[in-house]
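We count ligands from 1, going down the list as the structure has it; atoms in each ligand are counted the same way. Predicted model only: the values in this text are computed from it and were never measured.
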Amino acid sequence: MASRVCLVHYHEVGLKGKNRAHFEHVLMDSIKAACAAFSLSCVTRISGHILVTFSDAASVEPAFEVIRRVPGVARVSLAYHTNRDPEEYGRAAVRALGEAEPFHTFKVSAKRSNTDYPLTSMDLNRQVGEVLCEAFPDKKVQMRDPDAVVNVLVVQGSVYVYARSERGVGGLPVGSAGKVVTLLSSGIDSPVATWMLARRGAVCVPVHFSGRPQTADTSEYLCQDIIERLAPAIQIGRLYVVPFGDAQREISLACPGDLRVIMYRRVMYAVAERIARIEGAKAIVTGESLGQVASQTLENIMAVNEVVDIPVFRPLIGSDKQEIIARAEEIGTYDISCETAPDCCTLFMPRRPETHAKLEAVHEAWECIDHEAMIERLVGAVEYVDFESSSYRPPRMLRAHHDALAPRDASM
Ligand code: ATP
Ligand code: MG
């Protein structure tokens, strides 16, 4: 009797030469963590694929949908696992092709990873093809561009047969590329930017600036919802929340109105850099897109960027809003981001923010506040919320660690 399994295909992971085994292990750990809610039986490597098996048949379909979303997964196939008895795998092929309905044309694509099997791939194609032609007399075999393909993979002791196969999100497994701090608002862009870095293998540590105590904490809950929506395929272990309302008020009272937003953002970047140092994160990620709003002109990006030494990645810089929205819908964060919540973005906003800030004016405004003390105070007031995650390792001594950090010399 054939059992149902998921066969995971990966591209980029396979390209990593000597590191291949390491990448495969990170990918297997990600898949295990993502499938924790299902009755997982085993996750193991077989001839260039990862095989995922379950003790309960009802788990396979929902797990298939989750695995597709795990970074590093190029494709997942819902396969039948049989022994090497031609009758067994022939029957499995009939069931697999039946799932491809509606279709008119099909072909068989067999591969054997063990040459100890007496039949060649061509023999297998013919043998399984005959069984299928008999079972589906009104369908036609077509070699070029058929509607359905029945894949037969013969490995040591087993055969895997599948026709149902879907693309995964691709990329690299989370945990294979180090750690980044991502600036997460509850808007549309920053969840997408965070997802993109996670898809490239980075462990993402989001930092949210809340308008609290000047506003309610709604935006903080929306950020938590966003993190929960990305799981279980992408597991974020910790959300840092910075109560920023009072500092914004201070800035709004002391600095020229048109430069306020730039001042807020300089402080946000500086605090994020300090958190990155505590976390051992090597970059900051934002959801900025060139020209999208006043603070995202080249001049303003430069005026904000100069307060930090760490690289700042903006994966959406060249993306259109429509493209970003499409991605947000795909990853499931769009509807959460559409809920409005007052956060620090809506607090103390000037009527006419500067769109092309002059650095001299920015530096002058920067000196209107005791920015070092403000940054220090905000870092000391940082709160966090933890989530289930297999890839995130928290810094060992958070408080002790950041007290020991020297404030950055911001004489610029
Ligand atoms: P988003 O949709 O991500 O909120 P946005 O179009 O509203 O972006 P801005 O408000 O200018 O643009 O913010 C640009 C980027 O700055 C955001 O994508 C995010 O990375 C960061 N950011 C903005 N507000 C916050 C916040 N409250 N907490 C953390 N990061 C923020
Ligand atoms: Mg925003």
Do we see a donor-acceptor contact under 3.5 Å between the side chains of [X] and [Y]?
X      : Y      : result
Arg229 : Thr333 : no
His363 : Glu306 : yes
Glu99  : Tyr80  : yes
Glu279 : Tyr392 : yes
Ser219 : Ser186 : no
Tyr240 : Arg238 : yes

Does [X], backbone or side chain, put an N or O under 3.5 Å from an N or O of ligand 1?
X      : answer
Pro191 : no
Gln296 : yes
Ser190 : yes

Just which atoms of ligand 1 are under 4.0 Å from any heavy atom in [X]?
X      : answer
Met268 : 22 (N), 24 (N), 25 (C), 26 (C), 30 (N), 31 (C)
Thr286 : 20 (O)
Leu184 : 28 (N), 29 (C), 30 (N)
Gly187 : 1 (P), 2 (O), 4 (O)
Val207 : 29 (C)

In terms of relative ring orientation, are His49 and His9 parallel, tilted or perpendicular, with 30° and 60° separating the classes?
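It falls in the perpendicular class, over 60°.
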
Just go through Arg265, Glu220, Arg314 and tell me whose heavy atom is the nearest to atom 13 (O) of ligand 1.
Arg265

For atom 19 (C) of ligand 1, tell me which residue out of Val271, Val304, Leu183, Ile188 has the closest non-hydrogen atom.
Leu183

